[in-house]
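Side chains are part of it too, since the values below use all heavy atoms of this structure and drop only hydrogens, waters and symmetry mates. Numbering of ligands and ligand atoms starts at 1, following listing order. Each residue takes its place number in the sequence, starting with 1. Worth saying up front: this structure is predicted, and the values here are computed from it rather than measured.
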Amino acid sequence: MILVLLGPPGSGKGTLAKLLSSQLNIPHISTGDILREEAKLGTFLGKKVKLFMEKGELVPDQIILEVMKERIRKPNCQKGFLLDGFPRTMPQALGLDDMLKSWTKSIDLVLKFDLSDECVLKRLGGRLICSGCGAFFNLYTKPPQKDLICDLCGSQLHQRPDDAQEVILKRLKVYKAQTIPIEEYYNKQGKLRKAYGELDPDSILKNVLNILQSKNK
Ligand code: AP5
Ligand code: MG
């Protein structure tokens, strides 16, 4: 199964993708995670994308398409995969379709998370990530037991650099201008389904599994 998760920054794409990936036994591929890892390692690619990410701007389509072509060719993608944060523009959506077509595959479903800008701002303003094991916490919805310390591995928690208020606002603006238009593309193909994103993660997972089940009937 090939699934795409669409939604504004902070809509819970990463959180749901982790749950869904273990339920469906397919890899979770997040362009944001791939690019952050490259930036952390200081690779040639990482240096190129860091500035775009820090400003809340999209990395150029050509770079993203090359990265994804490489990633979805890997053997663990044979039985399907879950895309989080890609595609994000019309050229990326068309590029993905071309890639899949050349392997006689296609997207099964696109899940869009709906939630208010207020909810996005609160969630991202409160997000904390463990620098050791990568676990997610949130000051408002899932606070760590000890201040800035991971409950799971005891490492330090940090804020993502692009979760500063002004960068969140920029990311939301970019999302509305460049990513919302691709919804219509998938809607016309009958592949778009919407899920309410302001519930707790387990309820969202349940709703999404129902959507997947009804699609397979
Ligand atoms: P990316 O990493 O994809 O960031 P994003 O889309 O802005 O989304 P986030 O990762 O911030 O949020 P999310 O929806 O995953 O929510 P999460 O589960 O973390 O991209 C970063 C940057 O990389 C881009 O700005 C761009 O520069 C570049 N980039 C990436 N892909 C690109 C592409 N295709 N093209 C060009 N550039 C690209 O949840 C957020 C918080 O809310 C957490 O604290 C979580 O614990 C909490 N939370 C989640 N779900 C719930 C819930 N149901 N209830 C309560 N709290 C919840
Ligand atoms: Mg994410």
| Distance-only side-chain donor-acceptor flag, Asn76 / Arg71, under 3.5 Å | yes
| task | May I ask you to list the atoms of ligand 1 that are less than 4.0 angstrom from any heavy atom of Asn138? | result | 41 (C), 42 (O), 43 (C), 44 (O), 47 (C)
| task | Report the nearest protein non-hydrogen atom to atom 16 (O) of ligand 1: residue, atom name, distance rounded to 0.1 Å. | result | Gly12 N, 3.1 Å
| task | State, to 0.1 Å, how close Leu199 and Ile204 come at their nearest heavy-atom pair, and which atoms those are. | result | O-CD1, 3.4 Å
| task | For Thr31, take its heavy atoms, then give the atoms of ligand 1 lying under 4.0 Å from any of them. | result | 30 (C), 31 (N), 32 (C), 34 (N)
| What's the shortest distance from atom 27 (O) of ligand 1 to any protein heavy atom, and which residue and atom give it? | Glu57 O, 2.6 Å
| task | For atom 52 (C) of ligand 1, state which one of Gln92, Arg123, Arg88 supplies the nearest heavy atom. | result | Arg123
| note | Counting heavy atoms under 4.0 Å, the part of Arg36 that contacts ligand 1 is side chain
| query | Out of Arg171, Lys170, Arg88, which residue meets the salt bridge (Lys or Arg N to Asp or Glu O under 4.0 Å) rule with Glu57? | reply | Lys170
| remark: Note: Leu58, heavy atoms under 4.0 Å from ligand 1, region reported as both
| task | Tell me which one of Met53, Arg160, Arg171 gets a heavy atom nearest to atom 1 (P) of ligand 1. | result | Arg160
| said: Counting C-beta onward and ignoring hydrogens, is there a side-chain heavy-atom pair between Leu115 and Pro8 closer than 4.5 Å? | reply: yes
| Can you tell me if CD on Gln62 sees more than 12 non-hydrogen neighbours from other groups inside 6.0 Å? | no
| field | Side-chain heavy-atom pair Tyr186, Ile107 within 4.5 angstrom cut-off | value | yes
| atom 34 (N) of ligand 1: which protein heavy atom is closest, and how many Å away? | Gly85 O, 2.8 Å
| note | Which of Asn138, Thr141, Asp163 passes side-chain hydrogen bond (donor to acceptor under 3.5 Å, both in side chains) with Arg127? It is Asp163
| said: For Val59, which part has a heavy atom under 4.0 Å from ligand 1: side chain, backbone, both, or neither? | reply: both
| message | Given the ring of Phe137, does Lys142 sit roughly above its face, with NZ or CZ under 6.0 Å from the centre of the six-membered ring and within 45° of the axis? | response | yes
| query | So, does Gly7 sit close enough to ligand 1 that a heavy atom of it is under 4.0 Å from the ligand? | reply | no
| Would the number of heavy atoms belonging to other residues, nucleotides or ligands and lying under 6.0 Å from NZ of Lys105 be above 12? | yes
| Nearest non-hydrogen atom to atom 8 (O) of ligand 1 belongs to which of Lys13, Lys18, Gln178, Glu198? | Lys13
| said: Exactly one of Ile34, Leu65, Val4, Ile29 should register a side chain to side chain contact (heavy atoms under 4.5 Å, CB included) with Phe86. Which one does? | reply: Leu65
| query | Which atoms of ligand 1 sit under 4.0 Å from any heavy atom of Pro201? | reply | 52 (C), 53 (N), 54 (N)
| said: Just to confirm my output: which protein heavy-atom neighbour is closest to atom 9 (P) of ligand 1, and how far is it? | reply: Arg127 NH1, 3.6 Å
| Got a sec: does the NZ of Lys191 have more than 12 other heavy atoms crowding it under 6.0 Å? | yes
| task | Please report which non-hydrogen protein atom sits nearest to atom 49 (C) of ligand 1, along with the residue it belongs to and the distance in Å to one decimal place. | result | Thr15 OG1, 3.3 Å
| remark: For atom 46 (O) of ligand 1, the closest protein heavy atom turns out to be Phe136 CB, 4.1 Å
| From His28, Lys13, Lys18, residue fulfilling side-chain hydrogen bond (donor to acceptor under 3.5 Å, both in side chains) relative to Asp84 | His28
| Tell me, which protein residue and heavy-atom name are nearest atom 15 (O) of ligand 1, and how many Å apart are they? | Gly14 N, 2.9 Å
| Structural part of Val49 in contact with ligand 1, heavy atom criterion under 4.0 angstrom | neither
| field | Contact check, Leu199 vs ligand 1, heavy-atom distance below 4.0 Å | value | yes
| query | When you measure from atom 29 (N) of ligand 1 to every protein heavy atom, which one gives the shortest distance, and what is it? | reply | Leu35 CD1, 3.7 Å
| request: For ligand 1, note which part of Ile204 has a heavy atom under 4.0 Å away: side chain, backbone, both or neither. | output: side chain
| note | For Leu124, the atoms of ligand 1 under 4.0 Å from one of its heavy atoms are 11 (O), 40 (C)
| query | Any chance the side chains of Ser131 and Gln156 put a donor and an acceptor closer than 3.5 Å? | reply | no
| said: Could you report the tightest heavy-atom contact between Gly56 and Val174, atom names first, then the distance? | reply: O-CG2, 3.6 Å
| task | Taking only heavy atoms of Phe137 into account, list the atoms of ligand 1 that are under 4.0 Å away from them. | result | 44 (O)
